[in-house]
Each structure stands twice: as C-alpha cells, then as structure tokens.
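This one's a predicted model, so the numbers in the text were calculated from it and none came from an experiment. The figures here come from the full heavy-atom set of this structure, side chains too, leaving out hydrogens, waters and symmetry mates.
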Amino acid sequence: MTGVATTAAGWRRASGGLLLAGLLAFAVADLAITRGAPGAELARMAGGFLRPDFLATGALWSALANTLAFAFQGVALGVVAGFLLALGWHRRPVRTLAASVRAVHELFWGLLLMQVLGLSSLTGVLAIALPYAGIFAKVFGEFLEEADPAPAAALAADRRRLGRFFFARLPLVWADIKAYTAYRLECALRASAILGFIGLPTLGFHLETAFREGHYDAGAALLYLLFALILTLRVWLRGPLIPVYLLAALYWAPPVGQGNWATLVRFVTVDLVPAPLARGQGWPALGDWAWMLWRDQVGPGLWHTLVLGLAALLLTAVLALVLFPLRSPLFGNRATRALSHGLLVVLRTTPEFFLAFLFLILLGPSMLPGILALALHTGAIIAHLMARFSEGLRLRADSARGVNRYAYEVLPRLYPNFLALLLYRWEIIMRETAVLGILGIHTLGFYIDSSVAEFRFDRTLVLILATVCLNLAVDAFSRRLRARLRLKETRT
C-alpha cells in the first residue's frame, strides 16, 4: 500500500507542476484577437463549408495524386530505413540518430531539401521519409525489445542469429508492425498535404491559396477530400493492393530531384557554414554572430515555443478530461455518443497546421490560434483513447451516476492512462509548436522560415538544431517522468 500511495502522491505532484507551468504560460502568452470582426469571417467560412465547391480547383485530382504518391513513397522508404535501424536499437548511436532525425518536422526537412533538390517529388518523399525513419526505428526497436524471448531460447543453440530473428522474434511483432505502419500512412497523408504550404503541389498548396483568398467553398472541398481519404483508409488500404499503390505512386511521381551534386556540395560546404567563417573573419566574429543569433532569434524562438507548447498542453488536458465522457459508454446515450464520436473524428483527423491556419484567418496573428489548434487536435486524440480505455471498466449496478460517477468511479481509475498519454504527446505538441511559426506565429519556425526566405541557411541550420535540442530535452524529461511515476509507455 505504501508504494501505491507514493505513486499517487507523485501523480498529484506531477499534475500540479504541469498545471502551474501551463497557467504561467497562459499568463505570459500573447492571446490577442487582432481581427476586427471574427464573427463575420466565421459566418463566411461556415457558408463555404456548407456549400463546398469541388469544381473550383482545376488541379484538384493532380494534387490528390501527389499527396498519395508522396505519402506512399515516404512511408515505404521510412519503413525500410527504420527497420534496419531498429535491428541496432540496442546501440546508443543508433538511438541518437533516430531521435535526431525524427525531432525535425517534415516541413523543416522540406525547406532544407528544397534548396538542393528544388520543388521536386524527391523533396516531398524525403521530407516524409527522413523523420519517419526515426519514428519507425524507435517503435520497431521497442517492439523487438519487448517481444517474448522464450521462442528464441527454445531454438537449437547452433541456429544462426539471422534465423533466430526471422523465425523466433519477427513473427511475434509482425502484426504490430503492420498495424503501426498503417497508422503512420494515415499520418503521412496529413504530412504530405501540409507540404503544400511550402510550395509542393499537394492538397495543402491549393487549400492555402483558397482560404487566403477567401474562397472558403473551394477550401472546404479540399479539406473534405482529405477527410474522405483518411477516414476511408481501412476500406481501400488492403495488403495485396499495397504493391500496386506503390508502383502507381512511383509511376505518377518518380522520386527525382532538380539539383545536382555540385549544388549539394555547395550547400553543405558554403551555404551552411556560419557567415563569419565563410568570409574568413575568424573566431571572434563567429562569437559575435552566435550571440546576435541567440539574442535576436534562437532565445526568443525557444521561449515562445516553450510558452505556446505549455499553454497548449494545459488546454489539451482540460479538453481531454471534458470530452472523453461524451464518447464513453459509461455516460450519455447512443445519440450523444455518436455525435461526440463524429466531433472527435473530425478534430483528430484535421492536421494541427490546418486548424492553426484557419484560426489565424479568424482571429489574426497571435499565440491563440496555435494554442487552440494544438489543444483541439491532441485533446481529441487523448479523449478518444480515454473513452476506449473506459470500455474496459466494470462498474457495480448500484454505482453513482452523472458527475459523481465521473469524479469518483471513472476518472481515478483512468488517470494513470490519461497522464501517460499527456506526457507521451508532449514531445509531439512541442514539435508541432515549433513548425507553426511558418504561419507567422513567433515560434522557432517563424525564424527558420525567415532565414530560408533570406537565403541565410547558416542561421537556418542553427535554428533547426535548436528545435532538435528542445524536442529531445522535452522527450527525455517526459520519459524520465513517466518512468518515475511508473506510468506504462503508451503509443498512439
């Protein structure tokens, strides 16, 4: 009993610390609404969503095909690379490499690759494949580590190591690998669409243009098409058809870049070298350059990213706790649960980047659109999983009803799952927070996008490394806190 009480006290302290950090973040965050009449704009947007125009975008089907092609090729390449890395997951350099590549968002990879490969299909494929290789390496490596060692131990001692792997370890995790790969394809479809915001010809390119020009009916049609693509994934994604889809993707958008070897060499050896060293000004000038970059961009970018991320984390927690009973079979009725399920599906299917973009149009530039977007999307994911966990609870026939059931019967039993999910998603929230700067919110992505626009790629590299360090620090803190609180590792 002492161990249980100690763990419960740790949960309370961790929750209190996160609550305090979130409240402080809200206190210093820029929450201004700068648009004069958001209600009128919201009415126009709602009208567009009620009357979508699927014929307004001329290159609609081409954009859809590009979105699918980049996603399929990126996931295929990421699976192969991630699986090979997972075989050496017990080695620290492999884990460090995987953590570093997955800490850089797909949009940041796209911005870098575009300087070498141009607006090409290879840029889109690699922008997805590189971070996904790190993600697959982590997940597949953990699957293999957690596999039951008994079958391998039962094999003859003289059996080769490769045979042990393919006959005694891989079959145990194969179903999990397939399921997680299908989930990642859904994520890749969203990522592929978002790449349109940096100029690649996917659905996001036309969606951004339509919404910025106020053509909400055309933008709504594009968003509905993305929803249909993701929500019907289980219908059209069949194992025997996957090779056909991949061949069609290669045929439609062959992964070919527009650059050459000389462009790559110049980019790495000249463009990424700090300006003082490239001009031969010496180490004192490099120190002045580094201090200027920290003072004007890295420091403010890290601070704003951390503030926005912590505020979004707190609002995510509140929304998840409010929304999950609406979907749980322990509350409400069939009609309310069906409506709540539909709401959660829409929120978790819509990429955070799209939600933030829509809120920016409605509310104007501040941290508020980013906080709302991240909290709604991630809160819906956690609420959905909490409702699924609640299906396994068995309550007595005379148990309390309504608020008392929620507060005294259900939430105390699900709270460890909730806290584990919240801490697990924290790194993802921070990763998405940084990239929201591309929309104009002053997180690290804002300065990264500005440095790319000014062709100051030496600054771009430093700023991206800052996002990597921040994400790795948050991930390490979250993992250590989960281990200390004895919270089970949860994958979504």
Write out all pairs satisfying ring-ring contact (aromatic ring centres under 6.0 Å, His included) with one or both partners inside residues 428-453, taking only residues at least two apart or from two chains.
-> His442-Phe446
Given the side-chain rings of Phe197 and Phe357, with only the six-membered ring counted for Trp, is the space between their centroids under 6.0 Å?
-> yes
Do Phe359 and Phe354 have ring centroids that are under 6.0 Å from one another?
->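 Aromatic pair excluded; centres sit 6.0 Å or further apart.
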Does the [X] side chain pair with the main chain of [Y], one donor and one acceptor, at a distance under 3.5 Å?
X	Y	answer
Trp11	Leu485	yes
Ser192	Ala188	no
Thr269	Val265	yes
Thr443	Thr305	no
His377	Pro351	no

Stepwise, does the side-chain contact (heavy atoms from CB on, under 4.5 Å) test hold for Leu308 with Leu374?
-> CA-CA 9 Å; Leu308 199 159; Leu374 290 166; 3.6 Å; yes
Minimum-distance pair of heavy atoms, taken over all atoms of [X] and [Y]:
X	Y	result
Phe143	Val173	O-CG1, 3.4 Å
Ser328	Ala387	N-CB, 4.0 Å
Ala133	Ala81	CB-CB, 3.8 Å
Pro243	Pro240	CD-O, 3.5 Å
Leu439	Ala356	CD1-CB, 3.8 Å
Leu422	Thr316	CD1-CG2, 4.1 Å

Would you say [X] has more than 12 foreign heavy atoms packed within less than 6.0 Å of its [atom1]?
X	atom1	value
Phe49	CZ	yes
Arg337	CZ	yes
Arg413	CZ	yes
Phe54	CZ	yes

Indicate yes or no: at least one non-hydrogen side-chain atom of [X] is less than 4.5 angstrom from one of [Y].
X	Y	answer
Leu68	Tyr245	no
Pro329	Glu391	yes
Arg482	Arg479	yes
Tyr424	Leu419	no
Val104	Leu112	no
Thr378	Ile428	no
Val452	Ile198	no

Starting from the C-alpha separation in whole Å, work towards a yes-or-no answer on side-chain contact (heavy atoms from CB on, under 4.5 Å) for Leu233 and Leu229.
-> CA-CA 6 Å; Leu233 188 67; Leu229 198 64; over 6 Å; no
Could I get the full list of side chain to side chain donor-acceptor pair (under 3.5 Å) partners for Trp174, not counting sequence neighbours?
->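 Residues passing side chain to side chain donor-acceptor pair (under 3.5 Å) with Trp174: none at all.
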Which residues pass the salt bridge (Lys or Arg N to Asp or Glu O under 4.0 Å) test with [X], not counting sequence neighbours?
X	value
Arg431	Glu106
Glu432	none
Arg102	Asp475

The complete set of side chain to side chain donor-acceptor pair (under 3.5 Å) pairs with one or both residues in residues 225-240, sequence neighbours excluded, reads Thr232-Trp236
Quick one: which residue pairs count as a side chain to side chain donor-acceptor pair (under 3.5 Å) with a foot in residues 66-77, not counting sequence neighbours?
->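 Sorted pair list: Asn66-Trp252.
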Please test Leu203 against Leu60 for side-chain contact (heavy atoms from CB on, under 4.5 Å), starting from the C-alpha separation and ending with a verdict.
-> CA-CA 7 Å; Leu203 284 172; Leu60 177 62; 4.2 Å; yes
Starting at [atom1] of [X], measure out to [atom2] of [Y] and round the result to the nearest 0.5 Å.
X	Y	atom1	atom2	answer
Leu421	Ile381	CG	CD1	10.0 Å
Glu142	Arg95	CD	CZ	10.0 Å
Cys469	Leu302	SG	CG	8.5 Å

Any idea how Phe108 and His105 line up, ring-wise: parallel (<30°), tilted (30 to 60°), or perpendicular (>60°)?
->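 Ring orientation, 0 to 90° scale: perpendicular.
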Parallel, tilted or perpendicular: ring planes of Phe457 versus Phe455, cut at 30 and 60 degrees =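 Rings of Phe457 and Phe455: perpendicular, over 60°.
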Between Trp426 and Leu18, is a side-chain contact (heavy atoms from CB on, under 4.5 Å) present by the stated rule, with each step listed?
-> CA-CA 11 Å; Trp426 189 6; Leu18 292 173; 4.3 Å; yes
Worked check of ring pair (Phe, Tyr, Trp, His ring centres under 6.0 Å) between Trp89 and Phe140 = CA-CA 9 Å; Trp89 188 246; Phe140 292 172; over 10 Å; no
Which is it for Phe83 and Phe136 under the ring pair (Phe, Tyr, Trp, His ring centres under 6.0 Å) test, yes or no, and what are the steps along the way?
-> CA-CA 7 Å; Phe83 184 79; Phe136 281 126; over 10 Å; no
Pairs satisfying salt bridge (charged side-chain N to carboxylate O under 4.0 Å, His left out), at least one member in residues 187-205, at least two apart |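 Listed once each, the pairs are Glu186-Arg190.
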Any salt bridge (charged side-chain N to carboxylate O under 4.0 Å, His left out) pairs touching residues 68-81, not counting sequence neighbours?
-> none
Pairs of donor and acceptor atoms involving the side chains of residues 115-127, under 3.5 Å and at least two apart or interchain, shall be tabulated with distances.
residue: Gln115; atom: NE2; partner: Leu111; partner atom: O; Å: 2.7
residue: Ser120; atom: OG; partner: Leu117; partner atom: O; Å: 3.0
residue: Ser120; atom: OG; partner: Thr123; partner atom: N; Å: 3.4
residue: Ser120; atom: OG; partner: Thr123; partner atom: OG1; Å: 3.3
residue: Ser121; atom: OG; partner: Pro254; partner atom: O; Å: 2.4
residue: Ser121; atom: OG; partner: Val256; partner atom: N; Å: 3.3
residue: Thr123; atom: OG1; partner: Gly118; partner atom: O; Å: 2.7

Please report the C-alpha distance between Thr96 and Arg92 in whole Å, then the side-chain angles of each, then the deciding distance to 0.1 Å, and finally whether the side-chain hydrogen bond (donor to acceptor under 3.5 Å, both in side chains) criterion is met.
-> CA-CA 6 Å; Thr96 302; Arg92 183 178 293 274; 5.7 Å; no
For residues 460-467, tabulate all N or O donor-acceptor pairs below 3.5 Å that involve a side-chain atom, not counting sequence neighbours.
residue: Thr460; atom: OG1; partner: Ser451; partner atom: OG; Å: 2.6
residue: Thr460; atom: OG1; partner: Arg456; partner atom: O; Å: 3.3
residue: Thr467; atom: OG1; partner: Ile464; partner atom: O; Å: 2.5

Applying side chain to side chain contact (heavy atoms under 4.5 Å, CB included) to Ala129 and not counting sequence neighbours gives Leu77
